[in-house]
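What follows is a short report on a single structure.
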Amino acid sequence: MSTRLEDSNTSREIGLSRYFRRRTEKPDLLVLVEGEDDIPFWTLLLDRVRQLYAHIDVTNLKIRDAVSGEEEDFNGKDQLMKVNGLGKSKVIAVDRDYDGLVANYHPYSSRIGSDPYVLYTRNYAMENHKLHPQAANDFLSEMLHDACSVDFQSILQQFSLAIADVLLLLIVYERRCTQPGSAERQLREITVSHLCEQICKHNYHYHNYQADFQQLGECLRKTYEPLLVRYRSDIDSLREELSVRYGKNETDYWKLLQGHTLYAVMRNILQGILLEKKREHEQCIREQATCGEAIAEAIQAYNQTLGWSSSNVFPKMDEAFINKPHIAGEDWEGHFKGMMDRIR
């Protein structure tokens, strides 16, 4: 396998050749992303500057095998950050994770925010952008074939409050783990994966989400109580830092949680909303119909129109949030637009 990452995606770059296209002074742009599921998100983002380029190609990292000549995917942030030859016509795009919040979180952390040819998310990952409240309501409206307005912002805020102390603890602990020889680096008493496992093992329901989140908060505080006591001063300092330096209050902490975990929780909430709205509509049909046969036919027709049932909500949801991502206006203006300008 060739390991010369400066040669990565050579065929793609050849494909960008201007040889077969009308002559233009506009540049081409190749954007390498972490994986295939990332392509729709960054494509949507780059559509906002498409008029500035002759051609933009968004693809995952591919390296040609030196023996077979076949191209193979090299997915993941670590692989992408090894790519050489970046510049105005070739950039990479990654999830931010805790780079920036935690010094030396990765060997390449210092490049996040300083290298103009490394694009990165404003929040922890793409999922934290895709689950913007407006995106959630757009998804619900599309699935229900009717306008749907749910206070999803409040749901995210209450979830944030439930995980606040332990999320701060995680970031504090990760900061200590980056220090050579630290006890935390050896013990690893809390990790991203362990916290996410604790969050995902709970059940979450739309009708009962407030109580579910309260129970989650209690369980997390009980699980990590010794660490919460030990690092209380650091936790309080980080809370203040996030508010003053980054403009993030406790109700915003859903933006700092691992994206896949946030999505795993919220997809259950969204499923509950969909099923409730569906039941409400079916009840209206029952109240308006004049006979049992008409009721059954009308409900069947309604379900056929929807095109989904309780058994396939999650696949429909996964497809929608991958292929139809959302970029909030404040995220574009407050973060992504500036990165696009720096490339040029």
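- There is a path of hydrophobic side-chain contacts, each under 4.5 Å, that joins Ile190 to Leu216.
- Here the side chain of Thr121 pairs a donor or acceptor atom with the backbone of Arg96 at under 3.5 angstrom.
- For the pair Glu241 and Lys248, the salt-bridge criterion is not met [side-chain N within less than 4.0 Å of a carboxylate O].
- Checking side-chain atoms of Lys255 against main-chain N and O of Ala125 turns up no donor-acceptor pair under 3.5 Å.
- Checked by atom type and distance alone, the side chain of Arg122 pairs as donor or acceptor with a backbone atom of Glu330 at under 3.5 Å.
- Using a 3.5 Å distance cut-off with no hydrogens or angles, the side chains of Asp138 and Gln134 do pair a donor with an acceptor.
- Using a 3.5 Å distance cut-off with no hydrogens or angles, the side chains of Thr261 and Gln258 do pair a donor with an acceptor.
- By the criterion of side-chain heavy atoms lying less than 4.5 angstrom apart, applied directly or through intervening Ile, Leu, Val, Met, Phe, Trp or Tyr residues, Leu131 is not grouped with Leu161; the two fall into different hydrophobic clusters.
- Each of Phe41 and Ile322 belongs to its own hydrophobic cluster when Ile, Leu, Val, Met, Phe, Trp and Tyr are linked at side-chain heavy-atom distances under 4.5 angstrom.
- Among all heavy-atom pairs drawn from Ala162 and Arg221, the shortest one is O-NH1, 4.0 Å.
- Side-chain contact between Tyr117 and Ile92 is absent, with no heavy-atom pair separated by less than 4.5 Å.
- Residues Arg188 and Glu174 are paired through a salt bridge, judged by an N-O separation under 4.0 Å between the basic side chain and the carboxylate.
- The aromatic rings of Tyr204 and His202 lie tilted to each other, with the angle between the two planes from 30° to 60°.
- Just one residue in the list His281, Glu280, Glu282 forms a side-chain hydrogen bond (donor to acceptor under 3.5 Å, both in side chains) with Lys278, and that residue is Glu282.
- Checked for salt-bridge contact, Asp115 and Arg111 meet the test: a charged N lies under 4.0 Å from a carboxylate O.
- Other residues, nucleotides and ligands contribute at most 12 non-hydrogen atoms within 6.0 Å of the CD atom of Glu293.
- Summarising the geometry of Phe159 relative to Val265, their closest heavy-atom pair is CE1-CG1, 4.0 Å, with the distance given to 0.1 Å.
- No continuous path of hydrophobic side-chain contacts links Phe321 to Trp42 [ILVMFWY only; heavy atoms under 4.5 Å].
- Here the closest heavy-atom approach between residue Leu220 and residue Gln198 is recorded as CD2-CB, 3.8 Å.
- Using a cutoff of 4.0 Å between basic side-chain nitrogens and carboxylate oxygens, Glu184 and Arg175 are not scored as salt-bridged.
- One N or O on the side chain of Asp95 and one on the backbone of Met126 form a donor-acceptor pair closer than 3.5 Å.
- A salt bridge does not link Asp57 to Lys90: none of the charged side-chain nitrogens sits closer than 4.0 Å to a carboxylate oxygen.
- Summarising the geometry of Val33 relative to Leu80, their closest heavy-atom pair is C-CD2, 3.5 Å, with the distance given to 0.1 Å.
- Within a 6.0 Å sphere centred on CD of Gln153, heavy atoms belonging to other residues, nucleotides or ligands number more than 12.
- A salt bridge is absent between Asp146 and Lys277: the closest approach of a Lys/Arg side-chain nitrogen to an acidic carboxylate oxygen does not fall below 4.0 angstrom.
- Relative ring orientation between His335 and Tyr120 is described as perpendicular, the plane-to-plane angle rising above 60° on a 0-90° scale split at 30° and 60°.
- Tyr302 and Glu297 share no side-chain donor-acceptor pair at under 3.5 Å.
- The main-chain N or O of Trp332 is never found under 3.5 Å from a side-chain atom of Lys337 such that the two would form a donor-acceptor pair.
- Residues Glu34 and Asn60 are not in side-chain contact: their nearest non-hydrogen atoms beyond the backbone lie 4.5 Å or more apart.
- Not a single donor-acceptor pair under 3.5 Å links the side chain of Asn312 to the backbone N or O of Trp308.
- A 4.5 Å side-chain heavy-atom check between Tyr246 and Leu101 finds at least one atom pair inside the cut-off.
- Relative orientation of the Tyr98 and Tyr105 rings is perpendicular, given thresholds of 30° and 60° on the angle between their planes.
- At least one test fails for Arg48 against the ring of Phe336: distance under 6.0 Å to the centre or angle within 45° of the axis.
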So Tyr263 and Asp318, side chain to side chain contact (heavy atoms under 4.5 Å, CB included) or not? Walk me through it. CA-CA 10 Å; Tyr263 181 61; Asp318 295 342; 2.6 Å; yes

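- Side chain of Ser141 to backbone of Cys148: a donor-acceptor contact under 3.5 angstrom is found.
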Take Leu242 and Leu256 through the side chain to side chain contact (heavy atoms under 4.5 Å, CB included) test and state the conclusion after the steps. CA-CA 11 Å; Leu242 289 176; Leu256 301 177; 4.0 Å; yes

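- Between the side chains of His129 and Tyr124, not a single donor N or O lies within less than 3.5 Å of an accepting N or O.
- Side-chain contact annotation: Asp78 with Tyr108, donor-acceptor N/O pair under 3.5 Å present.
- Looking only at side-chain heavy atoms (C-beta outward), Pro40 and Pro325 come within less than 4.5 Å of each other.
- A salt bridge links Lys77 with Asp97: at least one charged nitrogen is closer than 4.0 Å to a carboxylate oxygen.
- Around atom NE2 of His260, no more than 12 heavy atoms belonging to other residues, nucleotides or ligands sit under 6.0 Å away.
- Side-chain atoms of Glu276 and His205 form no donor-acceptor pair, as typed in the model, at a separation below 3.5 Å.
- Phe74 is connected to Leu86 through a chain of hydrophobic side-chain contacts under 4.5 Å among Ile, Leu, Val, Met, Phe, Trp and Tyr, so both are in one cluster.
- The pair Asp47-Arg50 meets the salt-bridge criterion, with a side-chain N (NZ, NE, NH1 or NH2) lying under 4.0 Å from an Asp/Glu carboxylate O.
- In this structure, the side chains of Tyr231 and Asp234 come closer than 4.5 Å at one or more pairs of heavy atoms.
- Minimum heavy-atom separation, Thr251 to Ser160: O-OG, 3.2 Å.
- A donor and an acceptor atom, one from each side chain of Gln158 and Ser154, are located under 3.5 Å apart.
- Considering every non-hydrogen atom in both Val166 and Leu195, the closest pair reads CG1-CD1, 3.4 Å.
- Counting only heavy atoms from C-beta outward, the side chains of Ile273 and Leu140 approach each other to under 4.5 Å.
- Side-chain contact, Asn249 with Ser243: a donor N or O sits under 3.5 Å from an acceptor N or O.
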Worked check of side chain to side chain contact (heavy atoms under 4.5 Å, CB included) between Arg286 and Ile299: CA-CA 8 Å; Arg286 292 187 181 93; Ile299 290 178; 3.8 Å; yes

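- Under the 3.5 Å distance criterion, with hydrogens and angles disregarded, no donor-acceptor pair is assigned to the side chains of Thr178 and Asn104.
- Asn128 contributes a side-chain N or O that, together with a main-chain N or O of Trp254, makes up a donor-acceptor pair within less than 3.5 Å.
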Can Glu142 and Lys324 be said to form a salt bridge (charged side-chain N to carboxylate O under 4.0 Å, His left out), step by step? CA-CA 11 Å; Glu142 181 177 344; Lys324 298 178 182 179; 2.6 Å; yes

